[in-house]
Every structure is written in C-alpha cells, then in structure tokens.
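First up is the structure itself, then whatever we jot down about it.
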Amino acid sequence: MGLPEETRKSEAMIEILHPPPPPLPLPPPPGTTVPAPFDFAAPAEDLASEEPTTPFFRSRSRHRRSDTWIVSAFVICYLVVFFVTMFVNDCRRNSAGDCAARSLSRLSFQPLSENPFLGPSSSTLDKMGALRKTRLTNHQTWRILSSPWLHAGLIHLIVNLISIIFLGIFLEQEYGAVRTGLIYIGSAVLGTLVGALFVQDKPAVTSSSALHGLLGATISALAKNWKFYTSKGKAMVALAFILACNFVLGLLPYVCNYSNMGGLVSGLLLGYALLMPPQLGKKPQRLSEACDYGSKGSFNLKEKVVKVEKPGLRSVSLIIFALLLAGCFGAAVQGINLGSYCGWCSYIDCIPSRSWSCNDLTTACEAMPSNNGELTLTCMTNGNFRIFPFTNISRARAQDLCTLICSHEG
C-alpha cells in the first residue's frame with residue numbers, strides 16, 4: 001500500500017536548513033594592540049623573562065596600595081617623642097638661657113657646640129631612655145625598647161623622616177603594611193641590640209636602625225626582583241646616597257652607627273624572606289598567568305606575573321635573623337661590650353674632632369663658684385677649664401658641661 005496523499009505532500013515540503021555562516025570579526029579600532037595568542041606549552045619559568053618596562057620607584061603594580069598608615073603612624077610617633085624630649089629638655093631654664101633658637105622658648109635647642117644636631121642635652125637623652133654603657137650594665141635593659149624612638153636633634157629627625165617616607169611609602173604600597181611593619185620593628189630591635197654591644201659611656205640613640213632596615217629591605221627587593229624593573233642604576237644611586245648621608249650622621253655625637261649597620265643587615269635578611277615578587281599588571285601572555293575560572297564554567301583573564309619562589313632560601317634568611325636576634329639579646333643582657341676589646345672600633349661610630357672625643361672617657365670636674373655669680377669647671381682628667389656666667393644649674397647640667405670640657409681637645 002502507498003502512503004496517503006496528505007503525507008506525501010507534507011514530506012515534499014520539508015527542507016533541510018543549514019545554520020548561517022558566522023559573521024566576520026570586526027577590525028580593531030585604530031591604535032589598539034591585538035594581544036598575542038596564548039602559548040599553552042611554554043614553561044612557567046619563562047613568565048618573568050619578558051623585557052622589563054617599569055622603573056623601580058615608579059611601579060605600575062595593579063595591587064599597589066593607596067594608603068600608607070603604618071609609615072604615617074611611625075612618623076607621627078617620632079614627631080610626638082621629639083616634641084616631648086625638647087619639652088623635658090627646657091633649655092631656657094636648665095641651661096640658664098645659653099640656647100640656640102631662643103625664640104622657641106622652652107623648646108629651644110642646646111648650643112651647636114654641645115649638640116651639632118640642634119637637639120637636647122646628653123642628660124635629657126639619658127632621661128628619655130638613650131643607650132649608655134653604664135646604664136645597661138645596671139640592668140636598665142628597657143632602654144633597648146626606648147632608644148629606637150629617640151633622635152639626636154632636629155637635623156637628625158628631618159633626615160630620618162625624609163628617608164623613612166621615601167622608602168617606607170614605596171615598600172608599604174608595593175608589599176603591604178604588615179610586611180613593612182615587621183621589617184621596621186625587627187630592624188629597630190636588632191639594630192639597637194647591635195648598638196648596645198658597642199656603646200660607650202655616653203648617650204646614643206638608635207632611631208636610624210629602623211630606617212636602615214627599610215633601606216636594606218629595598219636593596220633586597222631590588223636585587224631579588226632585578227629582572228622586573230628598569231632604571232636600576234638610578235635606584236642604586238638613590239639608595240647609596242641615603243646610605244652615605246646617614247652613615248655620615250652616624251659619625252657625629254649621639255647617633256649610633258653600629259645600630260645602623262645592624263638594622264641594615266636585618267633589613268637585608270627580612271626583605272629577602274618577606275618581600276614577594278611584585279605583580280606588575282602586565283599583559284597576559286601565558287595560560288597559567290591569564291586564566292581565572294569564573295561561574296558557569298567560564299574563565300576570565302587576570303593580569304598577574306608568576307614567579308617560582310624558593311621557600312628554602314627564605315627560611316634560611318629567617319633562621320639567620322632569629323639567631324642574630326637571640327645572640328645579640330643574650331649578650332646585651334649579660335652586659336657584654338665588644339667595644340672594650342677593639343681599640344679602633346670607636347672610629348666607625350665617631351669622627352675625631354676638637355669638639356668631642358671618640359674615646360670612652362670617665363669625666364670628673366671640680367666646680368668653683370665665685371662671689372660675682374660665675375662658675376668655674378675644671379676637668380680632673382686633662383686640666384681643661386671653663387668659666388660660665390651662672391651658678392644656678394642642676395647637677396645633671398653640671399655633668400653635661402663637665403663632659404664637654406673633658407672631651408674638648410686642645
């Protein structure tokens with residue numbers, strides 16, 4: 001039997017419809033760079049082998065932080081502590097008006113002959129918690145925590161803050177507040193402990209040790225991520241200039257160069273251990289750095305630079321830092337002073353001058369007040385003497401003047 005006539009008519013009307021061809025891709029707008037296709041077979045180690053295009057101190061990291069609260073907090077603390085130090089110093093009253101910048105009244109500075117940094121007296125630094133050999137041997141170990149917050153004077157404070165802001169903002173924006181804070185505090189503590197092993201019987205502040213920690217961490221980050229950046233020579237010149245300026249300041253009274261060296265070593269170690277390679281936000285070139293799976297089985301592109309790290313070397317850096325910290329702390333608590341066994345070590349921390357001595361002196365003076373309101377102080381060590389037009393000074397202030405007379409050569 002044949003099919004009904006209605007069925008034959010419906011079959012004759014069936015047509016096979018093919019899908020329309022896909023539309024041709026539109027040309028890119030003028031000036032647009034077409035990304036290269038992904039290389040699925042390229043190894044992960046080749047991801048960082050591209051030509052660097054980013055200057056070191058002008059990183060274009062997509063993960064760069066805009067806030068710098070940890071560096072701001074340290075700067076504010078330094079300013080507050082320095083204000084309190086000068087308020088306690090009260091040069092107008094304690095030094096009988098023999099002050100620099102007298103218009104500042106109570107906040108005026110000691111004379112430049114006494115403090116070349118425009119700062120407080122040595123007795124004030126002792127009172128505020130500076131390092132001193134005789135104080136540490138008397139079990140005043142709390143000075144290890146107070147000394148990193150003190151500055152020798154206004155000049156020391158300004159140079160320190162400029163360097164900290166320059167380096168600290170870069171590190172915090174690139175690597176975050178936690179890592180920057182750990183490097184800062186760790187370098188301040190280790191640097192102070194190293195300074196305590198060489199400090200003489202005169203006050204010394206160690207606030208620059210934290211700055212040198214940031215400097216060491218920046219050097220470590222530059223060396224570790226050398227291939228990511230351009231203008232590396234300019235960056236090294238800037239870092240060398242900061243290092244040289246602060247080393248010169250460390251040769252003047254009241255600033256401990258040994259704490260600076262300890263902070264620099266600490267920064268190098270902690271910087272290598274804590275600072276990861278930057279994410280520079282480059283154009284994705286490989287699947288491993290470009291694919292990010294999203295919802296409904298789709299994937300998106302992400303801008304990230306991948307670099308294989310070696311956690312073993314970072315662990316070694318942390319172990320060396322921990323050993324140095326523990327060893328220096330134990331030696332400082334025991335009252336060990338390495339400067340006593342090294343005659344030339346004082347010249348790393350001091351430049352000889354007629355205004356002060358680089359030797360560890362024990363000062364004692366004979367005071368002779370006169371009827372006309374003058375005070376004569378004579379050093380019992382070298383016979384130097386000086387006549388002052390006042391007699392109403394405290395015992396601490398008389399000891400400051402005695403130290404100046406005994407330290408003056410010729």
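Atom set for the values below is all heavy atoms of this structure, side chains included, hydrogens, waters and symmetry mates excluded. This one's a predicted model, so the numbers in the text were calculated from it and none came from an experiment.
A donor-acceptor pair is defined here as one N or O able to donate and one able to accept, closer than 3.5 Å; no such pair exists between the side chain of S187 and the backbone of S209. With hydrogens and angles ignored, the 3.5 Å screen pairs a side-chain donor or acceptor of S163 with a backbone N or O of V159. Between the side chain of S146 and the backbone N or O of G129 there is at least one donor-acceptor pair closer than 3.5 Å. Between the side chain of R92 and the backbone N or O of L104, no donor-acceptor pair lies under 3.5 Å. Not one N or O on the side chain of Q173 forms a donor-acceptor pair closer than 3.5 Å with the backbone of T68. Distance alone, capped at 3.5 Å, places no donor-acceptor pair between the N138 side chain and the Q140 backbone. Remark: side-chain polar atoms of E114 are not paired, donor with acceptor, to backbone N or O of L404 under 3.5 angstrom. With hydrogens and angles ignored, the 3.5 Å screen pairs no side-chain donor or acceptor of R397 with any backbone N or O of S95. With hydrogens and angles disregarded, a donor-acceptor distance shorter than 3.5 Å links the side chain of S259 to the backbone of C256. In this structure, T378 contributes its side chain and F385 its backbone to no donor-acceptor pair below 3.5 Å.
Heavy atoms from other residues, nucleotides or ligands lying under 6.0 Å from CZ of F329 number 12 at most. For CH2 of W344, the number of neighbouring non-hydrogen atoms (other residues, nucleotides, ligands) closer than 6.0 Å is 12 at most.
Here the options are N257, L338, I348, the test is side-chain contact (heavy atoms from CB on, under 4.5 Å), and the partner is F198; only L338 passes. Results of the side-chain hydrogen bond (donor to acceptor under 3.5 Å, both in side chains) test with Q110 over N94, D400, N89 single out N89 as the only residue that passes. When each of K202, R132, K133 is tested with D126 by the rule salt bridge (charged side-chain N to carboxylate O under 4.0 Å, His left out), just one qualifies, namely R132.
Closest approach of G262 to V194, counting heavy atoms only: CA-CG2, 4.0 Å. The nearest pair of heavy atoms linking C402 to L377 is N-CD1, 4.3 Å. The shortest non-hydrogen separation linking P389 to E374 is CA-CG, 4.4 Å. The shortest heavy-atom contact between G271 and S220 is C-OG, 3.5 Å. Taking all atoms of both residues into account, the shortest heavy-atom contact from S147 to T206 is OG-OG1, 3.0 Å. When all heavy atoms of V255 and N260 are compared, the closest pair comes out as CG1-ND2, 4.4 Å.
Two residues are said to be in side-chain contact when any heavy atoms from C-beta on lie closer than 4.5 Å; V88 and M128 meet this criterion. Between L375 and I387, every side-chain heavy-atom pair lies at or beyond the 4.5 Å cut-off. Put simply, the side chain of L251 reaches to within 4.5 Å of the side chain of F247, judged on heavy atoms. Contact of the N337 side chain with the L197 side chain is not registered, since no non-hydrogen atoms from C-beta on lie closer than 4.5 Å. The side-chain heavy atoms of T192 and L145, taken from C-beta on, include no pair separated by under 4.5 Å. Between S208 and H156 the shortest side-chain heavy-atom distance falls below 4.5 Å. Under the 4.5 Å side-chain criterion, counting only non-hydrogen atoms from C-beta, F170 is not in contact with L214. Contact check for F109 versus N115: no side-chain heavy atoms found under the 4.5 Å cut-off.
Distance check, rounded to the nearest 0.5 Å: OG of S122 to OH of Y254 gives 4.5 Å. Here I164 contributes atom CD1 and L215 contributes atom CG; the two are 11.5 Å apart, rounded to the nearest 0.5 Å. Distance check: I144 CD1 to L136 CG gives 6.0 Å after rounding to the nearest 0.5 Å. With values rounded to the nearest 0.5 angstrom, L190 atom CG is found 8.5 Å from L269 atom CG. With rounding to the nearest 0.5 Å, the separation of CG in L222 from CG in L275 is 11.5 Å. Here I319 contributes atom CD1 and L324 contributes atom CG; the two are 12.0 Å apart, rounded to the nearest 0.5 Å.
With respect to E366 and R386, no salt bridge is recorded, no charged nitrogen being found less than 4.0 Å from a carboxylate O.
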Start with the C-alpha gap between H151 and F82, add the side-chain angles, then the distance that decides, and say whether ring-ring contact (aromatic ring centres under 6.0 Å, His included) holds.
-> CA-CA 7 Å; H151 286 82; F82 184 73; 7.1 Å; no

Going through the distances and angles, do S207 and W149 end up as a side chain to side chain contact (heavy atoms under 4.5 Å, CB included)?
-> CA-CA 5 Å; S207 54; W149 300 103; over 6 Å; no

Determine, stepwise, if the pair I169 / E172 fulfils side chain to side chain contact (heavy atoms under 4.5 Å, CB included).
-> CA-CA 5 Å; I169 288 179; E172 186 171 357; 6.0 Å; no

Begin with the C-alpha distance, continue with both residues' side-chain angles, and end with the deciding distance and a verdict on side chain to side chain contact (heavy atoms under 4.5 Å, CB included) for V75 and I165.
-> CA-CA 8 Å; V75 170; I165 291 173; 4.0 Å; yes

Given N246 and L211, is the side chain to side chain contact (heavy atoms under 4.5 Å, CB included) satisfied, shown in steps?
-> CA-CA 9 Å; N246 285 275; L211 159 64; 3.1 Å; yes

Could you check H212 against S266 for side-chain hydrogen bond (donor to acceptor under 3.5 Å, both in side chains), going step by step and ending with a plain yes or no?
-> CA-CA 9 Å; H212 282 74; S266 174; over 6 Å; no

Stepwise, does the disulfide (SG to SG under 2.5 Å) test hold for C365 with C379?
-> CA-CA 4 Å; C365 290; C379 179; 4.9 Å; no

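Note: Y184 and F74 meet the aromatic proximity criterion, with ring centroids under 6.0 Å apart.
Under the 6.0 Å distance and 45° angle rule, R314 does not count as a cation-pi partner of Y272.
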